[in-house]
Amino acid sequence: MTDSPTSDTRRAGPGPEPFADRQLADFIRSLAAIPSMTTGGDVAEMRRTTEERSSQRPLGPDMPTRDLEIEGGLPARLYRPDNALDALVVYFHGGGWTIGSLETHDRACRRLAARAGLPVLAVDYRLAPEHPAPAAVDDAVAAFEWAAGAPGELGFRPQLIALAGDSAGGALAELAALRTRKSPASPDFVALAFPNTDLDATGGSMISNAHGYGLESADIEWFSRQWLPDRARWSDPDVSPLKAGDLTGFPPAIIVTCELDPLRDQGEAFAARLRSAGVDVTLRREPGMVHNFLLWDLISPACAAAGDRFADDIRKVATRMLAGRNSTNPGE
């Protein structure tokens, strides 16, 4: 757990350092040999490429799944592992609000559901640039409210509901939690893997980790422009939760950052802001780890282990909350 995040400006050397294992080091160096996907700016091609890559990965843990439609026509997929806890994780995929889908994160959601032992509802929210902000946030809120009020469609009524996501999906979980924190139905906790929290961030890890770790700071800026072309609005708390003036009432949070990620400092700054507002926060910085590790479990044992730890965090919080509720209401 990282209570006092520190700056790290190391660079990749001839061995695995500074990466978590040699497989990850070799993979990231192979990425450096090809142009970034954002260089050409062809969104359709980026989506085609990511879908093709995901289709080549093994399916992941076998479990009952069901494709369904959230009210309003929003596609989603429900994963229900055996002997699951009486809870639900509503999950938003990463991809800079521009790429990604149910398919690109299918394996990651299967691994999360199987390891955490919780049902996962993955949401296929609308993407930019066709649907700029706040469309994806609207979808995230609609998905949560639907899950909280539609036990018939789900097939069960979970005792607690968490919002979770990676990267841009983490930002959607944050923003949906902020919107709903004072509503009758609000999320019980959030779980964020390497999340965006500040579109306007320019210093710290956005500089020290800008190049050579699989996600370039220039890529982050490109994706942000797709989602919200007007840069003058990037500091708006409606898209950058770190800029929110008041974070009281935000649900308990799990935040996992990566040592070698441009987004590291803004994720940790958000954790600090939440703690200052009295929010219970579990914060961990994964050493030697890079952005997108949830998708790279087949490439690197260290990525697989980091993904397992994220799922374990979610199970621990859900188990603790369920135990507290059952002890308070023993007849239920």
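Index from 1, following the sequence. Not measured: the values here are computed from a predicted model.
Under the 4.5 Å side-chain heavy-atom criterion for ILVMFWY residues, no single connected hydrophobic cluster contains both Trp296 and Leu263. No chain of hydrophobic side-chain contacts below 4.5 Å, direct or via other Ile, Leu, Val, Met, Phe, Trp or Tyr residues, connects Met37 to Leu215. Cluster annotation: Met63 is not connected to Leu102 through the hydrophobic network of ILVMFWY side chains, with a link wherever side-chain heavy atoms come within less than 4.5 Å. Follow the hydrophobic side-chain contacts under 4.5 Å out from Met206 and you never reach Trp234; the two are in separate clusters. Hydrophobic clustering (side-chain heavy atoms under 4.5 Å, transitive across Ile, Leu, Val, Met, Phe, Trp, Tyr) groups Leu31 together with Met289.
Between Asp200 and Arg231 the shortest heavy-atom distance is OD1-NE, 4.3 Å. Taking each heavy atom of Val190 and Pro251 in turn, the nearest pair found is CG1-CG, 3.9 Å. Considering every non-hydrogen atom in both Pro119 and Leu78, the closest pair reads CB-CD1, 4.5 Å. Annotation for Ala136 and Leu172: closest pair CB-CD2, 3.7 Å, computed over non-hydrogen atoms. In terms of heavy atoms, Gly170 sits closest to Leu192 at O-CD2, 3.5 Å. Summarising the geometry of Val90 relative to Ala147, their closest heavy-atom pair is CG2-CB, 4.1 Å, with the distance given to 0.1 Å.
Atom CG of residue Asp261 and atom CD of residue Glu286 lie 12.0 Å apart, to the nearest 0.5 angstrom. Atom-to-atom distance recorded for Asp86:CG and Gln159:CD is 4.5 Å, nearest 0.5 angstrom. For the atom pair CD (Glu52) and OG (Ser54), the distance works out to 9.0 Å, reported to the nearest 0.5 Å. Summarising the geometry, atom CG belonging to Leu85 is positioned 11.5 Å from atom CD1 belonging to Ile314; distances are rounded to the nearest 0.5 Å. With values rounded to the nearest 0.5 angstrom, Asp265 atom CG is found 6.0 Å from Ser208 atom OG. Atom OG in Ser217 sits 8.0 Å away from atom CG in Asn209 (nearest 0.5 Å).
Asp166 places a side-chain N or O within 3.5 Å of a backbone atom of Gly94 that can act as its donor or acceptor partner. At least one donor-acceptor pair closer than 3.5 Å links the side chain of Asp188 to the backbone N or O of Ile161. Within the 3.5 Å criterion, the main-chain N or O of Val239 finds no donor-acceptor partner in the side chain of Asp236. Using modelled atom types, no side-chain atom of Thr39 and backbone atom of Pro35 make a donor-acceptor pair closer than 3.5 Å. In this structure, the side chain of Ser300 engages the main chain of Ala302 through a donor-acceptor pair within 3.5 Å. Under the 3.5 Å distance criterion, the side-chain polar atoms of Thr98 are left unmatched by any main-chain donor or acceptor of Gln226. In this structure, Ser101 contributes its side chain and Glu103 its backbone to a donor-acceptor pair below 3.5 Å. In this structure, the side chain of Asp21 engages the main chain of Leu24 through a donor-acceptor pair within 3.5 Å. Side chain of Thr197 to backbone of Gln266: a donor-acceptor contact under 3.5 angstrom is found.
Residues Phe19 and Tyr213 place their aromatic rings such that the two centres sit under 6.0 Å apart.
Sequence neighbours left out, the pairs with a member in residues 257-288 that pass ring-ring contact (aromatic ring centres under 6.0 Å, His included) are Phe250-Phe270. For residues 72-103, every residue pair satisfying the ring-ring contact (aromatic ring centres under 6.0 Å, His included) rule, not counting sequence neighbours, is listed here: His93-His105, His93-Tyr125, Trp97-Trp227. Screening residues 145-197 for ring-ring contact (aromatic ring centres under 6.0 Å, His included) gives Phe194-His291, Phe194-Phe293 as the qualifying pairs, with residues at least two apart or on separate chains.
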| request: Mind running salt bridge (charged side-chain N to carboxylate O under 4.0 Å, His left out) on Arg320 and Asp280 for me, showing each step along the way? | output: CA-CA 13 Å; Arg320 183 176 71 242; Asp280 182 15; 3.7 Å; yes

Practice item. Could you walk me through whether Ser167 and Asn196 pass the side chain to side chain contact (heavy atoms under 4.5 Å, CB included) test, one step at a time? Key: CA-CA 6 Å; Ser167 193; Asn196 297 71; 3.5 Å; yes

* Evaluate side chain to side chain contact (heavy atoms under 4.5 Å, CB included) for Val120 paired with Cys109, printing each intermediate quantity in order. => CA-CA 7 Å; Val120 171; Cys109 287; 4.3 Å; yes

Item checked: Test side chain to side chain contact (heavy atoms under 4.5 Å, CB included) applied to Thr257 and Ile255, step by step -> CA-CA 7 Å; Thr257 65; Ile255 301 177; 4.1 Å; yes

- request: Kindly indicate, with the supporting measurements, whether the criterion side chain to side chain contact (heavy atoms under 4.5 Å, CB included) is fulfilled by Arg179 and Leu175.
  value: CA-CA 6 Å; Arg179 274 207 206 172; Leu175 293 165; 6.0 Å; no

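Side-chain contact of Asp219 with Ser36: a donor-acceptor pair under 3.5 Å is present, judged by distance alone.
The pair Asp312-Lys316 does not count as a salt bridge, with every side-chain nitrogen at least 4.0 angstrom from each carboxylate oxygen. A salt bridge links Arg225 and Glu221; the closest N-O separation between the charged side-chain nitrogens and carboxylate oxygens is under 4.0 Å. The pair Asp106-Arg57 does not count as a salt bridge, with every side-chain nitrogen at least 4.0 angstrom from each carboxylate oxygen. A salt bridge links Arg285 to Glu268: one of the charged nitrogens lies within less than 4.0 Å of a carboxylate oxygen. Salt bridge annotation for Asp313-Arg284: present, with a cationic side-chain nitrogen under 4.0 angstrom from a carboxylate oxygen. Salt bridge status for Glu51 with Arg47: absent, with no side-chain N to carboxylate O gap under 4.0 Å. The residues Asp297 and Arg107 are annotated as salt-bridged, a charged nitrogen and a carboxylate oxygen being separated by less than 4.0 angstrom. For Asp246 and Arg273, the salt-bridge test fails: no basic side-chain N is under 4.0 Å from an acidic carboxylate O.
Annotation: side chain of Leu59 is in contact with side chain of Arg110 (closest heavy-atom distance under 4.5 Å). In this structure, Pro61 and Arg111 have side chains that are in contact, with non-hydrogen atoms separated by less than 4.5 Å. The shortest distance between side-chain heavy atoms of Lys243 and Asp198 falls below 4.5 Å. Counting only heavy atoms from C-beta outward, the side chains of Pro195 and Glu174 approach each other to under 4.5 Å. The side-chain heavy atoms of Leu88 and Leu154, taken from C-beta on, include a pair separated by under 4.5 Å. Using a 4.5 Å cut-off on side-chain heavy atoms (C-beta onward), Thr104 and Arg53 make no contact. Put simply, the side chain of Met46 does not reach to within 4.5 Å of the side chain of Thr50, judged on heavy atoms. When side chains are defined from C-beta on, Leu68 counts as touching Leu121, because their heavy atoms get closer than 4.5 Å.
Within 6.0 Å of CZ on Arg66 lie more than 12 heavy atoms contributed by other residues, nucleotides or ligands. Counting non-hydrogen atoms of neighbouring residues, nucleotides and ligands closer than 6.0 angstrom, the CZ atom of Arg157 reaches no more than 12 such neighbours.
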